[in-house]
Number of protein chains: 2
Amino acid sequence: MELDPIDKALLNLLQQDSKQTNKALAYRLDMSVTAIFERIKKLENNGVLKKYVALVDHKVVDKNFSAFCHIKLAQHSRDFVVKFEKEVAKLPEVLECHHISGDYDYLLKVVVKDMEAFREFMVNKLTSIQHIGSTHSMFVINEVKNSTALELA
Amino acid sequence: MELDPIDKALLNLLQQDSKQTNKALAYRLDMSVTAIFERIKKLENNGVLKKYVALVDHKVVDKNFSAFCHIKLAQHSRDFVVKFEKEVAKLPEVLECHHISGDYDYLLKVVVKDMEAFREFMVNKLTSIQHIGSTHSMFVINEVKNSTALELA
DNA sequence: AAATTATATAGAAAAATATTCTTTTATTAT
DNA sequence: ATAATAAAAGAATATTTTTCTATATAATTT
């Protein structure tokens, strides 16, 4: 789908705050409410707008410990890879799992309550998945920036 | 703020789909629309619900290349650290910046159009920030999982 | 170039939802 | 038990979303 400058401006706004009313968006972009409505519907139908989510404060919900976890598989046969990816995606503590280039095969973002919960997670959940060769964890000391928005220019 | 099981169930639902109507949420949780409305307002006012955002398909908007980028600072004096963090947070290509434990100081998530755009970003934007010692980049081959939701049980 | 088709926009009307208000119910403390 | 507090339900109101109709704009065909 082709995105014109208005679509991009609209997406930028919705990525910052998806609860703005069409009226507010219409005012900002100097268009009618209907025009905004139709454009959003089109962006939704074409899969440009994938989903709308609420973001929760990690501290307040007592999940204030994040770690990035490198994982190397013991073997790389297709079946093992598929199995590993399926299992790891199921774990709610794993917010992200990326297959990456470099020394390790995967990079995971893990969010839990505290260091103790992380240890618990490693011992009982992650490393109990079959075919994991080795792991290497980095702990988040401070979150400098954490956004979901892509700048569309 | 104390979260009871209904609050947690509500947060889990809103983290998956924040566009559900209060009516739909009320039906799922077997409560009245008003009860849902009041709870959401309270969660917003107490900072539990931080913001509502639209998620955009990276492929469709032509930003289908992600990299994780390790950064080591040349010096760690307070001023340099503050300056670096401020500068890097400004870059729209940097969706995340975490101060982490381990061999490197920071881990960045960078999202751009393609490898060429990444090179451009590294040369002209990232490494032009003062006080960067060294960098090490890992490219995302495949995104196995990418979620923003914390499971509240 | 004129006519035609498709596409986007605007404004008004209708439908659905969010929000407020009042009453009721449940919970907690005295 | 009784009073005070907080949460919930239902009805009333205000907003918003969505649909509908009309108009303008752009692209396409003849």
Side-chain angles (χ1 to χ4, degrees), chain A residues 1-63 147-153, chain B residues 1-63 147-153:
Chain A
M1 178 190 179
E2 274 304 307
L3 301 176
D4 70 12
I6 298 174
D7 288 325
K8 289 178 181 175
L10 187 50
L11 289 169
N12 284 334
L13 290 171
L14 290 172
Q15 284 184 105
Q16 296 301 332
D17 176 9
S18 63
K19 271 238 162 150
Q20 301 174 78
T21 63
N22 290 344
K23 193 173 155 191
L25 292 165
Y27 180 75
R28 274 164 172 277
L29 299 177
D30 194 29
M31 298 182 73
S32 72
V33 171
T34 306
I36 297 296
F37 176 82
E38 297 287 356
R39 277 173 182 267
I40 291 175
K41 274 287 159 291
K42 192 171 174 185
L43 291 167
E44 286 171 357
N45 294 336
N46 288 57
V48 184
L49 282 166
K50 216 165 29 173
K51 66 189 305 197
Y52 299 91
V53 300
L55 300 182
V56 152
D57 189 305
H58 290 201
K59 205 173 304 185
V60 182
V61 299
D62 212 22
K63 260 129 199 326
S147 166
T148 53
L150 304 176
E151 188 187 57
L152 305 180
Chain B
M1 178 191 178
E2 275 302 309
L3 301 176
D4 70 14
I6 297 174
D7 289 324
K8 290 179 180 175
L10 187 50
L11 289 169
N12 284 333
L13 290 170
L14 289 172
Q15 284 184 104
Q16 297 301 330
D17 175 9
S18 63
K19 271 239 161 150
Q20 299 175 77
T21 63
N22 290 344
K23 194 174 155 189
L25 292 165
Y27 179 76
R28 275 164 171 277
L29 299 177
D30 195 27
M31 298 181 74
S32 73
V33 172
T34 305
I36 297 295
F37 175 81
E38 297 287 358
R39 277 174 182 267
I40 291 176
K41 273 289 158 290
K42 191 171 175 185
L43 291 166
E44 285 171 358
N45 293 336
N46 289 60
V48 184
L49 282 166
K50 215 165 29 173
K51 68 189 304 200
Y52 299 90
V53 300
L55 300 181
V56 151
D57 190 305
H58 291 202
K59 204 172 306 184
V60 182
V61 299
D62 213 21
K63 261 122 194 337
S147 167
T148 53
L150 304 177
E151 187 187 59
L152 304 181

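A note on names: the letters A, B, ... follow the listed sequences, proteins ahead of strands, and every chain is numbered from 1.
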Would you confirm whether [X], through its side chain, and [Y], through its main-chain N or O, come within 3.5 Å as a donor-acceptor pair?
| X | Y | result |
| --- | --- | --- |
| B:K63 | B:H58 | no |
| A:Q15 | A:L150 | yes |
| B:D57 | B:K59 | yes |

Checklist line | Over 12 foreign heavy atoms within 6.0 Å of NZ, B:K41 | finding: yes
In whole Å, what is the span from the [atom1] atom of [X] to the [atom2] atom of [N]?
| X | N | atom1 | atom2 | value |
| --- | --- | --- | --- | --- |
| A:R39 | C:dA8 | CZ | C1' | 8 Å |
| A:I36 | C:dA10 | CD1 | C1' | 12 Å |
| A:Y27 | C:dA10 | OH | C1' | 18 Å |

Check: protein-nucleotides 22-27 of chain D nitrogen or oxygen pairs below 3.5 Å:
none

Sequence-distant partners of [X], salt bridge (charged side-chain N to carboxylate O under 4.0 Å, His left out), two or more places apart:
| X | value |
| --- | --- |
| A:D4 | A:R39 |
| A:E38 | none |
| A:D17 | none |

Next item on the list: Test B:I36 against every option in B:L13, B:I6, B:L29 by the side-chain contact (heavy atoms from CB on, under 4.5 Å) rule and name the one that passes.
Entry: B:L29
Next item on the list: Note down the inter-axis angle between the two ends of the helix from C:dA1-D:dT30 to C:dT30-D:dA1, five pairs each, to the nearest 10°.
Entry: 30°
Next item on the list: Check whether any side-chain heavy atom of A:V53 lies under 4.5 Å from a side-chain heavy atom of A:T148, and answer yes or no.
Entry: no
Margin query: What does the B/S/- profile of nucleotides 13-27 of chain C look like, 5' to 3', with a 4.0 Å heavy-atom cutoff to protein?
Written below: ----SSBBB------
